[in-house]
Amino acid sequence: MDVMADDPKRDSVLETVDAMRRAMVMALVDVCSIPAVCPQSGGDGELRKLEWLQEHIRNFGFDELVRYDAVDEDKPSIVRPNLVAVRRGEHRDGPTLWFVTHVDVVPEGDRSLWESDPWKPVVREDKVVGRGVEDNGTPLIASIYAVKALSDVGVRQGLNVGCALVADEEMGSKYGIQHLIERGVFRKGDLIVVPDAGLPKGDSIEIAEKSILWLKFKVEGKQGHASMPHTAKNALEAGVELAYRVNKELKSTMTERDELFDPPYSTFELTMKVANVANINTIPGEDIFFMDCRVLPERSTDEVLDTVRKVMKQVGDRYGTTIHLSLAQNERAAPRTDPESRVVQLLSEQVRQVLNVEPRVYGIGGGTCAAYFRRKGFDAAVWAKIDEVAHSANEYTWIQNIVDMAKVFALMMLRA
Ligand SMILES: [Zn+2]
């Protein structure tokens, strides 16, 4: 593509985004003052917030606005809404460049830690503070205003551009992204951007994720009086040894490194411990604890489980206890997105231009909804310019980040 030829377009798109700064801040404040907590976390869902957005973007230059609502199986009275907004490109039959953002937010958490009302976002100097302003408000606003910028300037971009505003990201995506994938909204060859994780400089593009394995161990012994251990089977003692040995065995055998990832190795961490007996002189008959494992894609989670079961057997035999293992989560790593893929290259180029940083690709231990796309064979890039204060008290976003992300998205649309 001749870069010189469309520089005037580029400049006016960037100027238009700059001029939208105030409007984007106001929209972010307005939209985040509508709570959208899912019913599973005690909220009443995303409908009101999504309807506000649907009305707001009516004249943003989208050619199609289609709703794909799901019904919440736990609470059938609650609709879990999704909005798919598409601006057609010159190549209507070609692929679509998607920006997938989520409308739902997590609850406020401990209210006493907030310095302002989480549901009444405020502008404080160069920031907006409130629940959902970073996760996922800033990327959401940036993506829809990027389309508006193109429309206001009057350019018709090459590829179709889609903004998918989805429900249910925080609790599993069943009524959100997974629902849209099942309904066939995304077509083979589409380019997917999921702006839901990132770093403050905006120089990191996530293309891979580790497998996630959450293990629950339950050791069953026999409760008894602490002065009469021969009449009991101490589940805690067996549990302590089990935890120690499983931890040590995994950390010493699963040692490969992959420098794409941060950190560049598999992690195995003992985490939650369930309380047992309420008094000092009782031998506990049950011991329950958990382990969080993030495994490099090079190693299968079956290997982890084989190691764990081997140690369980040894400890169980030694103490005469029964040990149960259950999997609270078992997510195989999705195939990574090719760093040379069109979406990653397109994104890298605009990050370079707008932010003047050299982007790098990397992998993380956390799971994002990009995995659903990658498993279906889509190239998906996860990127945002954020401080990663999602889910915390006093969640905030830099106003400059809203502008920067809108610029990156608008140029991606223009160049695609
Ligand atoms: Zn999020």
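Both counts, for ligands and for their atoms, begin at 1 and track the order of listing.
With F378 as the aromatic partner, R374 does not meet the cation-pi criteria of under 6.0 angstrom to the ring centre and within 45 degrees of the ring axis. At least one cation-pi condition fails for K273 and F289: the charged atom is not both under 6.0 angstrom from the six-membered ring centre and inside a 45 degree cone around its axis. For the pair K148 and F60, the cation sits on the ring face: its NZ or CZ lies under 6.0 Å from the ring centre, inside 45° of the axis.
Identified under the side-chain hydrogen bond (donor to acceptor under 3.5 Å, both in side chains) test for residues 184-193, with sequence neighbours left out: W98-D190.
Residue V122 comes nearest to S116 through the heavy atom pair CG2-OG, 3.8 Å, listed as atom of the first residue, atom of the second, then distance. Of all heavy-atom pairs spanning V105 and G132, the tightest one is CG1-CA, 3.7 Å.
Of all protein N/O/S atoms, those under 2.8 Å from the Zn ion (ligand 1) are H102 NE2, D135 OD1, D196 OD1, D196 OD2, and waters are not counted.
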